[in-house]
Amino acid sequence: MKKINKYIMCALAGLSLTLTGCSDDFLDKKPTGNYTAETFYASDAAVRKGTEPLFNRAWFDFNRRAIIGMGSYRANDAWNPYVSAEFARFQVTALTQDMGLAWSALYNVVTMSNATLYNLDRYCSSEVSESTKMAAMGECYLMRGWAYFYLLRGWGANILFEDNQVMIDNPIRPLNPESDVLKFIVRDFRKAAELLPETGTDFHPSKYVAKAALAKALLAQSGWALFSDVKGDHERNESMLAEVVQLCDEVINCGQYKLMDNYEDLFKAQNNDNSETLLAMRWADPNSGEWGAMNALYSDLAFPEVTDVNVWGGSLHASVDMIDLYNEDPKDSIRRDATFFTPNEYYSYIKAADGGYTYAHNWMQLKKGVLGTKADVAPCGLAQMASPLNTYIQRLADVYLMKAEAILGNAESTTDGQALAAFNAVRLRAKVAPYTKITFADILRERRIEFCMEYCNWWDMVTYYRWKPQTMLDFFNNKQYRAWEMREGCILKNEDGTISYRGVFPGTNNWYLTTEEGYCLWNDCLRQSIDDNTVVQKLTHKEFVELRSKLLEAKGADYQPITLSETNIFMPYPESDVIQNDYLKKKPEPYDFGE
């Protein structure tokens, strides 16, 4: 019997034409009757309908849970000790279920894209306009490119294929090197930009969506090098950086997209498909019963106090890293309070029927993606494991920050007017002061705050790691503090808007770090004791870090810091696939691009 790659072939097995329901006009009408590929593509409407599962069902097992751990916990945006903690601890193994499901889902996007391209090429009737057919093909290239972009930054080398039948006939295939995977992604995004229309319609993307994706892939490609080939930080390709700037300008100036005026509005269900959305996973109505096509994240994100559906996400809270970043600029409260509930903050649109909601806890639980009650999201639906929110893949703020990053290029800093204008457009929307000079550290910091808990920060960090391995390893291991659990009482909000937090001791029930004198360590002071918050001595951040390190060191073997390296930055391939495909243990082989 021929062996098969379990997860990839599961994706191939699920390729039956799937048409699902969703709110508004997208994915909302199921065709009647029985269809085959030979008979389905009979009109422009049918062709547009045929690509729509690529925007939800294909991504389901990636979005269902793994996307949080992979994209946000690994970046240290937030921490949850009970759900997907293995991602935050970098303890993912080849047997981690959510990792295997994500791998399978991303290959599901690939196989569904391949199948739809095949069908469009062969089965469109004479009633289908050439423009509609080209647009549909462009969507397939766009989504396949994004699936491989996630696969690249998650696992490194991957198996490239464009013909599902070839894969079915010979599923035991070698890995292809990271450079070829990235070349494939860039090629797909270029093809999508050629085929997609000038203007998107009915939530289907325009060519500028593909150009934004192409800019992101080229920005990665400009500096991507294997850790084994380049031991230290190195320069990016200047010609690629110039093309990134050009593409970003085209997207920004096309007139179809603009930054939302209010950052908080980006995360309200009523504002799905807003002016800032370039590309998103668009989910079925929570009341439709379309399991497999719905956004199942809600119950992992929300906690019972703020909603009237069954949820269990109350332990998800801000990381120490993020609190430190917010404390650097307390005026950056709009983004902070839209991302995490903070003590005494009032949210008029949460439990609005009761007059709004004031967060009355000394904690910082997740806010972004937490919508409130069923009445709060009306006319959208809300249910257990069913949020009406789109999942952003890319929004316009990313394009502005990419432009600034590409202009900065290989320089230590820049005062370039265009770079500053792009960078500050994002900051000014958040009502915080503009910069007069930017560095790579500024870019990294701004991205962390702007996109915190949007499941994307880790993917950018991997790109930076392949460009600046020394810088990023130092950042991961010496500037981030991972898996520091917070609970009620760990947070105090100060009059100046800063947040004080206890120096917690991760991984045990011995929660709070104390000195020999019994003083409790907080990030900005020593307090009298664990039970007495009287300030004994103020501390600078440097003094806090030094004292925290000393107290942790005194605990010796009880504390095992999380150390990142080439061995755990990329995830392992699922064990079942490795057992059945020995190539996954071998050196990648070049992909035949037919050139």
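If you're wondering where the values come from, they're calculated on a predicted model, not measured in any experiment.
Each of F570, F476, Y464, Y73 was compared with W458 under the ring-ring contact (aromatic ring centres under 6.0 Å, His included) criterion, and only F476 meets it. When R427, R429, K368 are each tested for a salt bridge (Lys or Arg N to Asp or Glu O under 4.0 Å) with E450, only one passes: R429.
Classification of D265 and K268 as a salt-bridged pair holds, one side-chain N sitting under 4.0 Å from a carboxylate O.
With a 4.5 Å cut-off on side-chain heavy atoms, D300 and N80 do not count as touching. Side-chain contact check for I438 versus E446: every heavy-atom pair is 4.5 Å or farther apart. Inter-residue side-chain proximity for K587 and L175 is flagged as unmet; no heavy-atom pair is nearer than 4.5 Å. The shortest distance between side-chain heavy atoms of R527 and S500 falls below 4.5 Å. Between P304 and V311 the shortest side-chain heavy-atom distance falls below 4.5 Å. Between L539 and L526, the closest side-chain pair of non-hydrogen atoms falls below 4.5 Å.
Note that R153 lies in the cation-pi zone of F149, set by a 6.0 Å cut-off to the ring centre and a 45° limit from the axis. The side-chain tip of R548 points at the ring of Y481 from less than 6.0 angstrom away and within 45° of straight on.
In terms of heavy atoms, W467 sits closest to E235 at NE1-C, 4.1 Å. Across all non-hydrogen atoms, the minimal contact from P434 to L428 is CD-CD2, 4.0 Å.
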- Message: Quick one, D442 with T439, criterion side-chain hydrogen bond (donor to acceptor under 3.5 Å, both in side chains). Give me CA distance, side-chain angles, the key distance, then yes/no.
- Response: CA-CA 5 Å; D442 295 327; T439 65; 3.1 Å; yes
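Side-chain contact of D337 with Y326: a donor-acceptor pair under 3.5 Å is absent, judged by distance alone. In summary, the side chains of Q365 and Y359 do present a donor paired with an acceptor at a separation below 3.5 Å, with no hydrogens or angles considered.
Residue-environment remark: CG (N478) exceeds the threshold of 12 foreign heavy atoms within 6.0 Å. The local environment of CD in E517 is crowded, with over 12 non-hydrogen atoms from other residues, nucleotides or ligands closer than 6.0 Å.
W459 and F62 have tilted rings, their planes meeting at an angle from 30° to 60° on a 0 to 90° scale.
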